[in-house]
Amino acid sequence: MLLEQSFFERPADAVAPDLLGCTIVRRIDGEEYRGVIVETEAYDATDPACHGYRRKTQRNQSIFGEPGTAYVYLIYGTYHCFNIVTDRQDFCSAVLIRAIECEKLPIWRNPTEKAHRAGAGPGKLCQLFKIDRQLDGITLAPNFGLWLESRSANFAEEIYQTTRIGITQGVDLPWRWYLRDRKSVSRK
DNA sequence: GACGGGATCCGG
DNA sequence: CGGATCCCGTCG
């Protein structure tokens, strides 16, 4: 079932664990690709690691947008990172998707590639699903070709909570969550 | 106008 | 552990 805006109208640290086990759906050229979210991180205005911590700028403006929209940015000149905006309009707050696992590789990928590593990491999953800054600010819904679906009814995986990765500030906040038994998690 | 750092990834 | 590589925020 499609995750609607109301799902995202909560603090990022409440939404982030609830997104584990949900599915990202990407539609390209009429084909749908799906990936189960296995690792997330939360960021918000109270947190010095958050891009919107200081002020709203051209680069980060979409993290201040409506809950249920996308915040996509370029990092290290090479990779994109995909976030889902949470909480409320004009408050900067989002969940970074750090890893997904998919069964069917997109057609643009080498079929001999190991599918279970293809979405292991925030930059890699954006490559896998062709997520770039063209999608920055969009509403996550089928008519934009990128959306989220809720967990299956029998979801029962164990969720772990720990500190975030790759940041220099706010390193002690336990705002990373992952599914324990999944292969694509960055570090456990 | 220039400078430099970044929520990453890969190879050695 | 270093390099790739681009955008843009910050400072002068």
Side-chain angles (χ1 to χ4, degrees), chain A residues 8 11-20 22 24 26 35 37-65 67-87 91-102 105-106 108-110 112-138 140 146 148 159-179 182-188:
Chain A
F8 303 102
D13 64 318
V15 175
D18 286 356
L19 278 172
L20 297 174
C22 296
I24 298 178
R26 180 79 168 111
I37 299 172
V38 302
E39 183 181 357
T40 57
E41 285 179 357
Y43 291 85
D44 83 12
T46 67
D47 157 26
C50 181
H51 286 172
Y53 178 68
R54 305 192 60 166
R55 75 188 85 257
K56 191 173 181 176
T57 65
Q58 185 182 333
R59 176 203 191 213
N60 68 22
Q61 58 178 331
S62 57
I63 203 179
F64 293 81
T69 59
Y71 169 49
V72 182
Y73 65 91
L74 180 68
I75 182 117
Y76 301 114
T78 315
Y79 296 96
H80 295 273
C81 286
F82 171 48
N83 296 254
I84 299 160
V85 177
T86 55
D87 211 317
F91 179 73
C92 89
S93 156
V95 175
L96 170 70
I97 307 300
R98 287 197 56 91
I100 60 174
E101 292 184 3
C102 66
L105 278 178
W108 56 85
R109 303 293 285 230
N110 183 339
T112 66
E113 173 183 11
K114 290 191 177 80
H116 71 271
R117 296 299 301 173
K124 293 181 70 178
L125 73 89
C126 285
Q127 286 180 335
L128 183 66
F129 277 4
K130 290 193 192 267
I131 295 171
D132 62 25
R133 292 189 311 159
Q134 290 185 347
L135 298 171
D136 186 39
I138 65 154
L140 296 166
L146 182 63
L148 285 98
I159 293 175
Y160 268 47
Q161 178 177 12
T162 181
T163 51
R164 296 173 295 181
I165 288 180
I167 50 174
T168 55
Q169 309 200 58
V171 292
D172 294 327
L173 268 178
W175 275 10
R176 183 165 71 100
W177 292 264
Y178 62 85
L179 296 178
R182 295 291 188 148
K183 298 188 177 96
S184 299
V185 174
S186 309
R187 191 202 309 159
K188 306 198 178 180

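Source: prediction; values computed, not measured. Labels below follow one simple rule: chain letters A, B, ... track the order of the sequence lines, proteins then strands, and each chain is numbered from 1.
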Novice: Generate the contact string for nucleotides 2-12 of chain C. Rules: B means base contact, S means sugar-phosphate contact only, - means no protein heavy atom under 4.0 Å.
Specialist: ---BBSSSS--
Novice: Using atom CZ of A:R187 as one end and atom P of B:dA7 as the other, report the distance to the nearest whole Å.
Specialist: 15 Å
Novice: Less than 4.5 Å apart, any side-chain heavy atom of A:I97 and any of A:N83?
Specialist: no
Novice: Between A:P122 and A:C81, what is the shortest heavy-atom contact and its length?
Specialist: CB-SG, 4.0 Å
Novice: Can you see which heavy atom on A:P106 is nearest to which on A:L128, and at what distance?
Specialist: CG-O, 3.3 Å
Novice: Going by number, which of residues 160-172 of chain A have a non-hydrogen atom under 4.0 Å from DNA chain B?
Specialist: A:G166, A:I167
Novice: Testing the basics here: between A:D47 and A:A42, what is the closest heavy-atom pair and its distance to 0.1 Å?
Specialist: OD2-O, 4.2 Å
Novice: Output yes when at least one side-chain N/O atom of A:H51 is less than 4.0 Å from OP1 or OP2 of B:dA7, else no.
Specialist: yes
Novice: My validator wants the stems of DNA chain B: runs of 3 or more consecutive Watson-Crick or G-U pairs, both distances under 3.5 Å, written as range with range.
Specialist: B:1-6 with C:6-11, B:8-11 with C:1-4
Novice: Return the minimal non-hydrogen interatomic distance between A:H116 and A:S184, and the atom names on each side.
Specialist: O-OG, 2.6 Å
Novice: Taking atom P of B:dA7 as reference, at what distance in whole Å does atom CD1 of A:I131 sit?
Specialist: 18 Å
Novice: Between A:T162 and A:R187, does the side-chain contact (heavy atoms from CB on, under 4.5 Å) criterion hold? Intermediate values first, please.
Specialist: CA-CA 10 Å; A:T162 181; A:R187 191 202 309 159; over 6 Å; no
Novice: Looking at A:S93 and A:D87, what are the two nearest heavy atoms and their distance?
Specialist: OG-CB, 3.6 Å
Novice: Rounding to an integer number of Å, can you tell me how far A:D132 CG sits from B:dT8 P?
Specialist: 18 Å
Novice: Whole Å only: how far is the NZ atom of A:K124 from the C1' atom of B:dC10?
Specialist: 9 Å
Novice: Taking atom CZ of A:R55 and atom CZ of A:F64, what is their separation to the nearest 0.5 Å?
Specialist: 10.0 Å
Novice: For A:E101 and A:K183, work out which heavy atoms get closest and say how close.
Specialist: OE2-N, 2.9 Å
Novice: May I ask you to decide if the ring planes of A:Y160 and A:Y178 are parallel, tilted or perpendicular, using 30° and 60° as cut-offs?
Specialist: tilted
Novice: Does any part of the side chain of A:E41, heavy atoms only, come nearer than 4.5 Å to the side chain of A:W175, both counted from C-beta?
Specialist: no
